[in-house]
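Notes follow the structure.
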Protein chains: 2
Amino acid sequence: MNIGTAARRSALPAKTIRYYEEIGLLRPARADNGYRDYSDADIHRLKFLQRSRGLGFSVEECRQLLSLYGDTHRASADVKALAATKLDQIEHKIAELQSLKKTLTHLVRTCHGDARPDCPILDELSGASA
Amino acid sequence: MNIGTAARRSALPAKTIRYYEEIGLLRPARADNGYRDYSDADIHRLKFLQRSRGLGFSVEECRQLLSLYGDTHRASADVKALAATKLDQIEHKIAELQSLKKTLTHLVRTCHGDARPDCPILDELSGASA
DNA sequence: GCTAATCCTTCCAGTGACTGGAAGATCAAG
DNA sequence: CTTGATCTTCCAGTCACTGGAAGGATTAGC
């Protein structure tokens, strides 16, 4: 099947699929006319990538996951470790963003937000309170 | 003052400071030996950048904030709008990450994580449940 | 059979916000 | 005088795509 169909089936842009091939994440066959020819297994792989990227795994982590997926002898602990690390990172990121949110909320609430030029947000950024 | 000192005072890497100059965020003087020569005003500007970047504003947003900061006639509403938009974006990102976290937590919890090869995480990624 | 639209190919460049490193000048200390 | 730190510029790399140009292949309609 052509790349357009593969794109629709995997919910990935064609550009991205070519990019994944370029970095060695899959190796689709080629038809006589030079077009890429995706098998059902390729689509499966692309969907796997789409899902794992969507879960926040980096492309390199996805490569690892794919290789773990392909290795019938791997321990589930290996996968769990990868997922747990990612979970940790996500939790850290959430905490960081929540702290940002708190600060910004405070700033937005303190600023009267009218036509007057004095603004607590800029005061804070410029270090008035520091 | 030299870039090393400016870096220490602003808590920004020297590389970053040069980069900020390259994209026109500041224009430090030059000493006779060709070294950049930072004034206190430059440091103030760098600290402003350090703080606003730390609050999640993009470099372009920081540029806007700096210009608003420099304009004594600007309305505080302009700044407030920028901050409120950013706050919205942060909230969206938090929600997204929390949804990711939920999914990943579930997956990690379901995976027994031992030496056996069967793994619900990979099953999910490969679309077994979809 | 012709034409136009769509789809495919490759290649190159750009994004954001730095970061790393090489090659060479300058400076400060002993 | 030498060593080592610091400065300069410039080029390349990061991550994960994304956009676009130039050109070949296919398909749909007439």
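Numbered from 1 within each chain, the chains take letters A, B, ... in sequence-line order.
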Quiz item: Where do N2(B) and T5(B) land on the side-chain hydrogen bond (donor to acceptor under 3.5 Å, both in side chains) test, with the steps shown first?
Solution: CA-CA 6 Å; N2(B) 285 348; T5(B) 312; over 6 Å; no
Quiz item: Is there a side-chain polar atom (N or O) of T16(B) under 4.0 Å from OP1 or OP2 of dT19(C)?
Solution: yes
Quiz item: Just to confirm, is there a sub-4.0 Å distance from OP1 or OP2 of dC18(C) to any side-chain nitrogen or oxygen of Y20(B)?
Solution: yes
Practice problem: Assign R18(A) to base, sugar-phosphate, or nothing according to its heavy-atom contacts below 4.0 angstrom with the strands shown. | Solution: base
Quiz item: Which is true for I23(B) with a 4.0 Å heavy-atom rule: it touches a base, it touches only sugar-phosphate, or it touches nothing?
Solution: nothing
Closest non-hydrogen atom pair between [X] and [Y], with its separation:
X: R9(B); Y: K47(B); result: O-CE, 3.2 Å
X: D37(B); Y: P28(B); result: O-CB, 4.1 Å
X: R18(A); Y: I3(A); result: CG-CD1, 3.5 Å

Atom-to-atom span, [atom1] of [X] to [atom2] of [N] - whole angstrom:
X: L12(B); N: dT19(C); atom1: CG; atom2: C1'; result: 14 Å
X: D32(A); N: dA25(D); atom1: CG; atom2: P; result: 12 Å
X: L46(A); N: dA16(D); atom1: CG; atom2: P; result: 16 Å
X: F57(A); N: dA16(D); atom1: CZ; atom2: C1'; result: 17 Å
X: I17(A); N: dA16(D); atom1: CD1; atom2: C1'; result: 15 Å
X: Y19(B); N: dC10(D); atom1: OH; atom2: P; result: 17 Å
X: E21(A); N: dA16(D); atom1: CD; atom2: P; result: 18 Å
X: R63(A); N: dC15(D); atom1: CZ; atom2: P; result: 11 Å

Side chain of [X]: nearest nucleotide among [options]?
X: R30(A); options: dT10(C), dT19(C), dC7(D); result: dT10(C)
X: R36(A); options: dT9(C), dA17(C), dA16(D); result: dT9(C)
X: K15(B); options: dC17(D), dT9(C), dC10(D); result: dC10(D)
X: V59(B); options: dT9(C), dC18(C), dT8(D); result: dC18(C)

Exercise. Give a yes or no on whether H106(A) atom NE2 has more than 12 heavy-atom contacts from other residues, nucleotides or ligands under 6.0 Å away.
Key: no
Give me the distances for all protein-to-nucleotides 23-30 of chain C N/O pairs that come in under 3.5 Å?
from    : atom 1 : to     : atom 2 : distance (Å)
dC27(C) : OP1    : N33(B) : ND2    : 3.2

Quiz item: Is the shortest distance from a Lys or Arg side-chain nitrogen in R30(A) or E21(A) to a carboxylate oxygen in the other one below 4.0 Å?
Solution: yes
Self-check item: Verdict with reasoning, D71(A) to H73(A), per side-chain hydrogen bond (donor to acceptor under 3.5 Å, both in side chains)
Solution: CA-CA 5 Å; D71(A) 175 6; H73(A) 298 305; 5.4 Å; no
